[in-house]
Asker: 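First the structure, then my questions, so here it is.
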Number of protein chains: 2
Amino acid sequence: MTESPRKWTADRIYQNLRQGIMNLELYPGSRVTETELAQRFGVSRTPVREALQRLAVEGYLTIRPKHGCYIRQLDVFELAEYYDVRVGLELESVALMGKRIPYREVAELAEDWDPGRAGYGLEGTESFKDAEESFHIRLAGLCGNPVLVQYLKDVNNHIRIVRRLGLPDRDSVLKTYHEHYDICQRILANDLDGAATLLRAHIHESQAKSREVTLVQLERRRQALDQGSGAG
Amino acid sequence: MTESPRKWTADRIYQNLRQGIMNLELYPGSRVTETELAQRFGVSRTPVREALQRLAVEGYLTIRPKHGCYIRQLDVFELAEYYDVRVGLELESVALMGKRIPYREVAELAEDWDPGRAGYGLEGTESFKDAEESFHIRLAGLCGNPVLVQYLKDVNNHIRIVRRLGLPDRDSVLKTYHEHYDICQRILANDLDGAATLLRAHIHESQAKSREVTLVQLERRRQALDQGSGAG
DNA sequence: GAAAAGTTTGTTGTATACAACCTGCATGGA
DNA sequence: TCCATGCAGGTTGTATACAACAAACTTTTC
C-alpha cells in the first residue's frame, strides 16, 4: 500500500492528509471539505477527491454522502479491538513458522533487540516507536505470508495514531527489548507455543497502555489546538 | 464496507465491476480502461475512476499508473495465504469468547447447522456457499469485536471468487454441517481450545480444496470465454 | 535486415463547469 | 411556544475539456 509516488498530485495530497490525521493536526471528528482542501493545497478538487476516497476506504475518515468528510474519531474501545486483531494475526504468523522455522532471520532479529546492547538513547523518541512497530512487522514477515503482513500493516495504520501518543520512559523501553528478545529466543528454541504466549501478553500490555494514554493525550492535544487557534 | 447504495452512479459501477470480477466475467489479468467502461455503462469517466480506485484499494485490481487497470490475477499461493489469515482471525475470535461465552447465540447457530435437520436440497447451489460463509461471519461476530469481523469480511471478499468455483457434492455438504455443528458444541462445552482446533482443521480443508479446484475451473472458464467471444 | 529515432495514437491525470442535493435558518401559521 | 414550509447557501456528484505521458508503430539509416 505504501507505494512510491504513484500519481504526483493525488498521492501527495493523500500522504499529506494521512500524516495530518496521524499527527492529530486534523482533529478527529472535525469536518473537512473538498473545496477547502483544494484551496489549501492549490489544486483542483479532483485529486483531493481521490485522496479522500482512498483515506475513506482505508478507514482514516468517513464520508457522509452528500455532506462532507469527517476525520475518524478515535474510539478507545475500537482501538482495543484493533489490538485484538493484531493478536490474531501475529499469533498466526508465529504458528505458520512451524512449517519451517527461519532460524537465521529470527536470530538476526533477536540480535537487534538484545537487551545487552539496548539503544538507550532511544527512549522518548519517535524512532523507538517506529522500531517497535518494525519489530512486529519483521517478525510476522518471517512466516512467509505477505498477505498476512499486509493485513497487519493495515491494522498498524489504524493504531499508529495512539501508538505514538505516549512517549515511553526508559524502563518501558528496556522492558520492550527484553520481551522482543525473549519472543525470538522461544522461537529459536522451537517453542512456538511459548513464543505465542509471550507475544499475546506483549501486545495486551500495549493495548492496556494505549487505553490509559489515549484519553489524556487526546484532551491535551485538543487544548493545544484550541489555544493555537484553528490552525488554518 | 458493504454499505447501502452510497453514491448512485459510482457505487453502481463499483458493485457491477465487483460482481464481474467475482464471476470471472472480467477475466483475471485482462486490462480494462476507464474510457471503455464509461462507454459501456453510459456514464462519464469520473464515477468509473472512483469505482476503479476503490477496487484497487480493496485489491480487486491493480492500477499501472499511466497505463491502465488490470484485473487481479488469481494466484493459488496467494489464495492459500488468505486462508491462513482467516485462520488467524477466526481463531482469535473464538479465543476472545473466553471473556464471556455467548451461549445462547452459539446454541442458535448450532441449531441452524444441526446435521439432523440438514438442508439436503442445498448441495450444489450457490446459496450453500453463501450459508457456509455466513456461518463463519456469524460465529466471529459473537466475539464482540466488530473490527475483527470487518477484517474477516475483507478476507472473504478476496477468496469468495474461488470459494464459489467448485460446487459441493452431497457428502461434503453433510461434512460441513457436522464440522460447523461440532465447533459450536465445543464452545458450548466451554472447550474453546478444542473449538479452535476443529476450526483450524475445517478452514485448512477448505484451503486444500480451493487449491485443487482453482486451476481446473480457471482453465475451464477461460475456454468458455474464448469460445463465447470477447463478451463485449 | 536490424536497430534507433521520430511520430502517432491512446490512456490517464487534472482542471473546471454545472446540476442535484442536503442543511440550516427564517418566516409564517396554529 | 411550537411546528411546518420555503428559501438560501454550501457541498458533493457527474460531465466534459485539455494536457502530459507511455507505448506501439512507422520510418529512416547503417
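For clarity, every value in this text was computed on a predicted model and none was experimentally measured. Lettering of chains follows the sequences in order, A, B, ..., and the numbering in each one begins at 1.
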Asker: How close do A:Y83 and A:I203 get, heavy atom to heavy atom, and via which atoms?
Answerer: O-CG2, 3.9 Å

Asker: Please name the pair of heavy atoms, one in A:H180 and one in A:H136, separated by the smallest distance, quoted to 0.1 Å.
Answerer: NE2-NE2, 3.5 Å

Asker: Nearest whole Å is fine: how far is C:dT12 P from A:E50 CD?
Answerer: 12 Å

Asker: Reading DNA chain D from 5' onward, which residue's closest nucleotide shows up sooner: A:R64 or A:T46?
Answerer: A:R64

Asker: Nearest-Å distance, CG (A:L37) to P (C:dT14)?
Answerer: 15 Å

Asker: Go nucleotide by nucleotide along DNA chain C from the 5' end; which of B:L52 and A:G42 gets its closest nucleotide reached first?
Answerer: B:L52

Asker: Can you measure B:R45 atom CZ to C:dG10 atom P for me and round it to whole angstrom units?
Answerer: 15 Å

Asker: Does B:S44 place a side-chain N or O at less than 4.0 Å from the phosphate oxygens OP1/OP2 of D:dT14?
Answerer: no

Asker: For a side-chain hydrogen bond (donor to acceptor under 3.5 Å, both in side chains) check, start with the C-alpha distance between A:E58 and A:Y14, then their side-chain angles and the critical distance, and finish with the verdict.
Answerer: CA-CA 11 Å; A:E58 294 174 2; A:Y14 167 79; 2.5 Å; yes

Asker: Figure out the CH2/P separation between A:W8 and D:dC21, and round it to whole Å.
Answerer: 7 Å

Asker: I want to verify a distance call: between C:dT14, C:dT23, D:dT14, whose nearest atom is closest to the A:H67 side chain?
Answerer: C:dT23

Asker: Taking atom P of D:dT11 as reference, at what distance in whole Å does atom CD1 of A:I63 sit?
Answerer: 15 Å

Asker: From the options D:dC21, D:dA15, C:dT14, select the nucleotide whose nearest atom is closest to the side chain of B:K66.
Answerer: D:dC21

Asker: Could you state the atom-to-atom distance from CD of B:Q53 to P of D:dG13 in whole Å?
Answerer: 13 Å

Asker: side-chain contact (heavy atoms from CB on, under 4.5 Å) with A:E92: which of B:R86, B:E92, B:R200?
Answerer: B:R200

Asker: Ignoring the backbone of B:T33, work out which of C:dT11, C:dT14, D:dA15 is nearest its side chain.
Answerer: C:dT11

Asker: Report the distance from atom CG of A:D11 to atom P of C:dT12, rounded to the nearest whole Å.
Answerer: 18 Å

Asker: Identify which nucleotide among C:dA15, D:dA15, D:dT12 has an atom closest to any side-chain atom of A:E34, counting heavy atoms from C-beta outward.
Answerer: D:dT12

Asker: Regarding B:Q207 and B:H204, do their side chains bring together a donor and an acceptor under 3.5 Å, going by distance alone?
Answerer: yes

Asker: When the distance from OH of A:Y14 to P of C:dT14 is rounded to whole Å, what number comes out?
Answerer: 16 Å

